[in-house]
Protein chains: 2
Amino acid sequence: MKNLTNHSDGVGIAAVERDTGLPKDTLRVWERRYGFPQPLRDANGERVYPAAQVDKLRLIRRLLDQGLRPSRIVAASTEELAQLLEASPEAAPPAAPAGWDTLLAFMQRQDGAALQRALQQSLLKQGLQRFLADTLTPLTDAVGQAWLRGELSVAGEHLYTEQVHNVLRGAIASQGGHGGSPSILLTTFPNELHSLGLLMAEAMFAPEGARCTSLGTQTPLADIEHAATQGGIDVVALSFSAAYPPRQAVEGLTTLRARLPAGIALWAGGQAVREQQRKLPGIRVIADLHDGIAALAEWRAAHPA
Amino acid sequence: MKNLTNHSDGVGIAAVERDTGLPKDTLRVWERRYGFPQPLRDANGERVYPAAQVDKLRLIRRLLDQGLRPSRIVAASTEELAQLLEASPEAAPPAAPAGWDTLLAFMQRQDGAALQRALQQSLLKQGLQRFLADTLTPLTDAVGQAWLRGELSVAGEHLYTEQVHNVLRGAIASQGGHGGSPSILLTTFPNELHSLGLLMAEAMFAPEGARCTSLGTQTPLADIEHAATQGGIDVVALSFSAAYPPRQAVEGLTTLRARLPAGIALWAGGQAVREQQRKLPGIRVIADLHDGIAALAEWRAAHPA
DNA sequence: TACAAATTTTGTCCAGGACAAAATGAAAGC
DNA sequence: GCTTTCATTTTGTCCTGGACAAAATTTGTA
């Protein structure tokens, strides 16, 4: 069995697939057609991708998500790509969130307690929903950016994720009231292990009086179906991070929609599905947290108690 | 672009990968070597897996996770597999924990609120540490067994995990006091994504007055090292589930021990390392939760404030 | 200008071969 | 006895280069 992990100065193709969301087959065929990426080879002839190429692949992935075509960008230089990204509508490198420098310092020195205290303070000041939309969303973006730029280690990012978990779980618990309607089942597909989006969705829906049941990440499709029909569920909500392959998301959602009774609504949120609404008939794509509230209102309008 | 989806009476290889967790390459090589699965082919010669074969693959996957070898099970008939499943549940089927039937019912009907309430109640009655050792440990075992036997769906298991998370995070938060010593960094290696052991360890150490910093799961070795030396850490604690390959655990721990300053202790807990103390000089293997307390006492005896 | 047809682009699948890591079994040492 | 070391089998992942349908784009026509 081969090793998927880090040789001295690069990573294997499986790791690249995991980190960029680009399937192995696609990575190989791009190499053949466009000459990029061009990984090194180890003693056994296997591809070893240097970190710089993986970074560039991530950049390409972002432009791809914006609708650009591979033939225009895969062979392009890093500078051209940076320019395209600037020019794109999504450009706006968001101004650093309030208190960013302090928070970044906490992450860098692994001070979880201080980080949690700061987050908790914002939460109390703003209330849960504004905290989510105005603080956590830009902050999570900024953390991702800082990691890309190398200003923040993986450990720092993990620390952030962990503290957000703590704060949000506490907030959801204190919202209490499991009683309401609709009854929403939250989870992700297999191979999607980002739990933050899920948790943020739960934190957004719970105070609106919905009855949220989270299964955490990575529930097989058949089990989602089973849980939804068993548990008196009204809405199944799925979360997709930017690293999830959009085609797989569309494919899985379509299959799930077909297998689920028509009476159960299907909602999908997150970067990977943001642009896919037209490919997803019968599925409510949720653009952002505010849109989630809108979807909830729609559902209630259509289902008067 | 090919369609990954459901033809009239079967699904494509990508969908099988998603639903069973078995990689495409593995599915193809099994077909070649063992003659199973044997999917139909569509007009274009592509594999189309009937639902019955996908179900059988799921069963095989469960037996595989239990430690059986592919050569013995992949070619076996469905009846043989069912028999193996009956026969295997390891040596002693442990007496069901108190209230097991009720709890199992909660999981089966996806009633997260009731499950959480029951757990919370046990916690209050027993106190955190007894709750961990006497309730949660056997309960988690029983949930794993129930899943293996097919009495509990993946969704049910996920629901359990999620509620334990909620209860334990709440308990840890209410223990408060981040002040103490030693300062313990908790995490897992990459490819180890079970977070329950980690959380249980944190819940055991925190009330003893240790200063716990958890990074969640899957921190690369280099980042563990970085975080430990940056953050004024006294002890690095790693958790390994039963599914983690023991050899990889030993190798990773040895490497980490070598890279970490001698002044920082390294502890390892969980099924995969329980029998490996001899192979791990300089590392404290923690046999169970009680032994964790013992390790803490040892550390304090060796490091008088 | 709108729509249909022809063309190009693009991602996923296939076959069959290869090999290192893991698991197992056999032999040797305490 | 019981481990430890070595040889053998098993097993999962990666490789190459070819193929083709679905999607996207361009061209042609009403």
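Quick note on labels: first sequence line is chain A, next is B, and so on, each numbered from 1.
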Item to check | Atom-pair distance (NZ on A:K24; P on D:dT16), nearest Å | outcome: 14 Å
Item to check | B:Q248 side-chain proximity, nearest of C:dG11, C:dT12, C:dA22 | outcome: C:dA22
Checklist entry - Any Lys/Arg nitrogen of B:R58 or B:D55 sitting under 4.0 Å from an Asp/Glu carboxylate oxygen of the other? => result yes
Checklist entry - With sugar-phosphate meaning primed atoms plus P, OP1 and OP2, does B:P245 contact a base, only sugar-phosphate, or nothing at under 4.0 Å between heavy atoms? => result nothing
Next on the checklist: Would you say B:S71 places a side-chain N or O within less than 4.0 Å of OP1 or OP2 belonging to D:dT9?
Outcome noted: no
Next on the checklist: Below the 4.0 Å mark, does C:dT10 have OP1 or OP2 next to a side-chain nitrogen or oxygen of A:T26?
Outcome noted: no
Checklist entry - Is B:R41 salt-bridged to B:E31, going by a charged N under 4.0 Å from an acidic O? => result yes
Which pairs, protein N/O on one side and nucleotides 15-17 of chain C N/O on the other, fall under 3.5 Å?
{"residue": "C:dA15", "atom": "OP1", "partner": "B:R41", "partner atom": "NH1", "Å": "3.1"}
{"residue": "C:dA15", "atom": "OP1", "partner": "B:R41", "partner atom": "NH2", "Å": "3.2"}
{"residue": "C:dA15", "atom": "OP2", "partner": "B:R47", "partner atom": "NH1", "Å": "3.1"}
{"residue": "C:dA15", "atom": "OP2", "partner": "B:R47", "partner atom": "NH2", "Å": "2.6"}
{"residue": "C:dG16", "atom": "N7", "partner": "B:R32", "partner atom": "NH2", "Å": "3.0"}
{"residue": "C:dG17", "atom": "N7", "partner": "B:R32", "partner atom": "NH1", "Å": "3.1"}

Next on the checklist: Base, sugar-phosphate or nothing for A:R69? Non-hydrogen atoms, less than 4.0 Å.
Outcome noted: sugar-phosphate
Next on the checklist: Would A:T161 and A:E157 count as a side-chain hydrogen bond (donor to acceptor under 3.5 Å, both in side chains) here? Give the steps.
Outcome noted: CA-CA 6 Å; A:T161 305; A:E157 199 193 11; 5.7 Å; no
Next on the checklist: Contact between B:R33 and B:V74 at the side-chain level, heavy atoms closer than 4.5 Å - yes or no?
Outcome noted: no
Checklist entry - Considering residues, nucleotides and ligands other than B:E298, do more than 12 of their heavy atoms fall under 6.0 Å from its CD? => result yes
Item to check | Min side-chain heavy-atom separation B:K56-B:T78 under 4.5 Å | outcome: yes
Checklist entry - Can you check the A:D65 CG to C:dT10 P distance for me, whole Å? => result 15 Å
Item to check | Atom-to-atom span, CD of B:Q276 to P of D:dT4 - whole angstrom | outcome: 11 Å
Checklist entry - Between B:Y244 (OH) and C:dA23 (P), how many Å, whole number? => result 12 Å
Next on the checklist: Rounded at 0.5 Å granularity, tell me how far CG in B:L64 sits from CZ in B:R61.
Outcome noted: 7.0 Å
Checklist entry - Of all heavy-atom pairs between B:R257 and B:P281, which one has the smallest distance, and what is that distance? => result CG-O, 4.3 Å
Next on the checklist: Assuming nearest nucleotide by heavy-atom distance, tell me which of A:R33 and A:R72 is located more 5' along DNA chain D.
Outcome noted: A:R33
Next on the checklist: Taking the axis from the first five pairs and the axis from the last five, what angle separates them in the helix from C:dT1-D:dA30 to C:dC30-D:dG1, rounded to 10 degrees?
Outcome noted: 30°
Item to check | Separation of atom CD in B:E46 from atom P in D:dC20, rounded to whole Å | outcome: 11 Å
Checklist entry - Whole Å only: how far is the CZ atom of A:R247 from the P atom of D:dA23? => result 8 Å
Checklist entry - Does the side chain of B:W30 get closer than 4.0 angstrom to OP1 or OP2 of D:dG12 through an N or O atom? => result yes
Checklist entry - To the nearest angstrom, how far is B:Q38 atom CD from C:dC14 atom P? => result 14 Å
Next on the checklist: Applying a 4.0 Å non-hydrogen cut-off, can you work out what B:R278 is touching in the nucleic acid: base, sugar-phosphate, or nothing?
Outcome noted: sugar-phosphate
Item to check | d(CG, A:L27; P, D:dC14) in whole Å | outcome: 11 Å
Item to check | Phosphate OP1/OP2 of D:dT10: any B:Y34 side-chain N/O under 4.0 Å | outcome: no
Checklist outcome for this item: Between A:I224 and A:T219, the two heavy atoms sitting closest are CD1-O, 3.5 Å
Next on the checklist: Does either side chain, that of B:T255 or that of B:E251, offer a donor lying less than 3.5 Å from an acceptor on the other one?
Outcome noted: no
